[in-house]
Amino acid sequence: MPHVVTQACCGDASCVYACPVNCIHPTPEEPGFGTSEMLYIDPSTCVDCGACVSACPVGAIVPGHRLDEQQSRFADINAAHFDVTATGAARFPVDPAHRLPLAPIDNPRRLAVTETLSVGIVGSGPSAMYAADELLRHPQVTVTIYERLRRPFGLARYGVAPDHLATRSVMRLFDDIAGHPRCDIRLGVRIGRDVTLDELRDRHQAVIWAGGAPTDRRLTVDNATAPGVLSATAFVGWYNDHPDHDRLPVDLGTERAVVIGNGNVALDVARILTSDPDALATTTISRHALAELRRSRIDEVVVLGRRGPVHAAFTLPELVGLVDHGANVVVDPADLESAAGMVIDDPTTRAKLDLLAEVAARPTAAGRRIRLAFHRSPASIRVDETGRAVGVVVDHTRVGESGAMEPTGVTETIDSSLVLTSIGYRGVAVPGLPFDDTRGVIPHDAGRVLDDETAIPGLYVTGWIKRGPSGFIGTNKTDSAETVASLLTDFESGLLPVRRTTRRRRLLDRLG
């Protein structure tokens, strides 16, 4: 039986290049790679060689005959992506004439110059580590990584849910990269406080900014900053022991929590709030957060989506993991009516709707539950006489004739004194670098930082601060490869600044 990609897929394409028959799609060369929720194995082409199993950094690929009950859905999910759709077109090509006989081989090319190259990377999250990995393939390149926190790897450490142990295991790969003899990682170094960007540029011929999108998008309704309203970004940091959020004032004394937004982070937050603390005790969860969760009175978490189930922001693997791994999930059948009769060609969306319908048809179970509510748009936060949040006023929505969401005129209030906003991350401006405030990114051309459409020699960008907060851990691998390719091209063309031996550089060399 063919191998199957399961929920823990990080999408970094390591398996694509390991596969000898090119049966894993989409590949980075195919247009759907950047937006695909996971990778898929064509069951008609897979030869069960197992090369992909050892290549996967998070252990997401399982032989079909070894799938457990909680993974069994993924066999059908993988197969569905290679069926011919109602439009007559396959999601990925299945005709061998349209497929390379072998997967592309990812061997680094030899650089056209022999000089040494020193590169500084700001940040140590996935985009930074994948960039370092690309650079270190070339023997004349040395890399120094600067991280403001005392522990590395950014969202791979502080953003992945503690019970997603397989996904967190990607840090083993990053440990290997950080341990490379030509890689130096310096923790506890804040750019602008301990060292300036100019000083980094003095020391290195090239600097890659990989600072990510460190803040969250703000909810713009009345009382959105009231006590009791927290960002999911901060809450995730709280239970993952992020030093910026370990003192977050989290009150779990309410019987209901409301999460505004229904992406993967929202589902993670809801799952943590309703999980058995004894089960969480075996994970990497913060000990102080675990102690608070043991005292929690929360019985229900309501996850609000402004749009309907067809446009739910969570991914199919995240929903499968939530439903099939013990969470008590509730869906009102009425919330699914907007999808009835719609022609859905995309197999991922079809599978989401089928699973939501399955959940909606189940009898309600006792115990803590997660309620997925669709067509609910937050209108305001209701507060008490002290100004503290006590509920969320929501407008019911529907799809208008133009296809946009519009209010129905029906309003309801969901009582809760814990409201978590999960409507996305956002990049922040970096002193000394240009910034597109509208998009929350550093403007660039294939990773080259642009100032008034002109590339700044020696400055590059990668990750969320480059493309916006989209994709998964592995998406950063392709993104960083593009940036590194630009950097190496500039190096070969003699376009990088010359390192300067200055007093500032000697001071910088003593950082550690």
Side-chain angles (χ1 to χ4, degrees), residues 118-132 135 142-160 171 174-175 177-179 183-216 231 233-238 240-248 286 425-437 440-442 444 447 449 451 456 458-466 469 476 480 483 497 499-500 502-512:
S118 173
V119 180
I121 301 178
V122 179
S124 67
S127 65
M129 301 313 297
Y130 283 125
L135 287 164
T142 59
V143 173
T144 304
I145 298 170
Y146 302 90
E147 168 57 56
R148 73 177 183 90
L149 300 177
R150 291 293 178 182
R151 303 180 76 190
F153 309 147
L155 285 181
R157 182 182 301 278
Y158 295 114
V160 176
M171 286 190 285
F174 297 159
D175 275 328
I177 298 168
C183 182
D184 181 17
I185 185 164
R186 301 188 176 191
L187 303 176
V189 177
R190 187 186 296 270
I191 310 303
R193 181 194 67 185
D194 304 308
V195 60
T196 68
L197 182 58
D198 284 343
E199 287 171 330
L200 287 186
R201 297 185 69 190
D202 274 354
R203 184 180 191 206
H204 304 286
Q205 289 134 289
V207 173
I208 300 175
W209 194 277
T215 189
D216 56 284
S231 76
T233 304
F235 185 74
V236 169
W238 174 74
N240 275 331
D241 224 3
H242 192 297
D244 290 351
H245 305 297
D246 57 0
R247 297 184 182 276
L248 192 71
S286 158
Y425 292 86
R426 178 177 168 80
V428 297
V430 176
L433 290 177
F435 189 69
D436 181 344
D437 192 59
V441 297
I442 294 172
H444 72 95
V449 174
D451 187 10
I456 303 175
L459 279 179
Y460 302 86
V461 63
T462 189
W464 279 2
I465 194 64
K466 170 188 173 185
N476 292 289
S480 293
T483 294
R499 296 172 70 186
R500 297 190 294 273
T502 65
R503 183 175 67 86
R504 287 189 303 177
R505 180 184 162 195
R506 290 193 296 272
L507 289 172
L508 183 61
D509 284 339
R510 290 203 293 270
L511 279 176

Decide yes or no on side-chain contact (heavy atoms from CB on, under 4.5 Å) for D451 and L433, but give the supporting numbers first. CA-CA 8 Å; D451 187 10; L433 290 177; over 6 Å; no
Mind running side-chain contact (heavy atoms from CB on, under 4.5 Å) on H444 and V449 for me, showing each step along the way? CA-CA 4 Å; H444 72 95; V449 174; 5.6 Å; no
side-chain contact (heavy atoms from CB on, under 4.5 Å) between I208 and V119, worked out: CA-CA 7 Å; I208 300 175; V119 180; 4.1 Å; yes
Take D194 and R186, measure what salt bridge (Lys or Arg N to Asp or Glu O under 4.0 Å) needs, and give me the verdict at the end. CA-CA 12 Å; D194 304 308; R186 301 188 176 191; over 6 Å; no
Intermediate values then yes/no, side-chain contact (heavy atoms from CB on, under 4.5 Å), I191 and E199: CA-CA 10 Å; I191 310 303; E199 287 171 330; over 6 Å; no
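A side-chain donor-acceptor contact under 3.5 Å links S480 and T462.
Across all non-hydrogen atoms, the minimal contact from A210 to A128 is CB-CB, 3.8 Å. Between T483 and K466 the shortest heavy-atom distance is OG1-NZ, 3.0 Å. In this structure, V143 and I121 approach most closely via the heavy-atom pair CG1-CD1, 3.7 Å. The two residues S124 and I185 have their closest heavy-atom pair at CB-CD1, 4.2 Å. I177 approaches A132 most closely through the heavy-atom pair CG2-CB, 4.0 Å. Between V428 and T215 the shortest heavy-atom distance is CG1-CG2, 3.5 Å.
In terms of the ring-ring contact (aromatic ring centres under 6.0 Å, His included) criterion, residue partners of H242 (sequence neighbours excluded) are, by chain and number, Y158, H245. In this structure, the ring-ring contact (aromatic ring centres under 6.0 Å, His included) partners of F235, at least two apart in sequence or on a different chain, are W238, Y239. Residues satisfying the ring-ring contact (aromatic ring centres under 6.0 Å, His included) criterion with F174, sequence neighbours excluded, are Y130, F153.
Between W464 and Y425, the two ring planes are tilted [angle within 30° to 60°].
With respect to the salt-bridge test (charged N to carboxylate O, under 4.0 angstrom), the residues D198 and R203 do not qualify. A salt bridge between D244 and R148 is present, with a side-chain N of the basic residue lying under 4.0 Å from a carboxylate O of the acidic one.
Within a 6.0 Å radius of CZ in R247, other residues, nucleotides and ligands contribute 12 heavy atoms or fewer.
No donor-acceptor pair closer than 3.5 Å links the side chain of R426 to the backbone N or O of A213.
S286 pairs in a side-chain contact (heavy atoms from CB on, under 4.5 Å) with only one of the listed residues (D241, D246, N240), which is D241.
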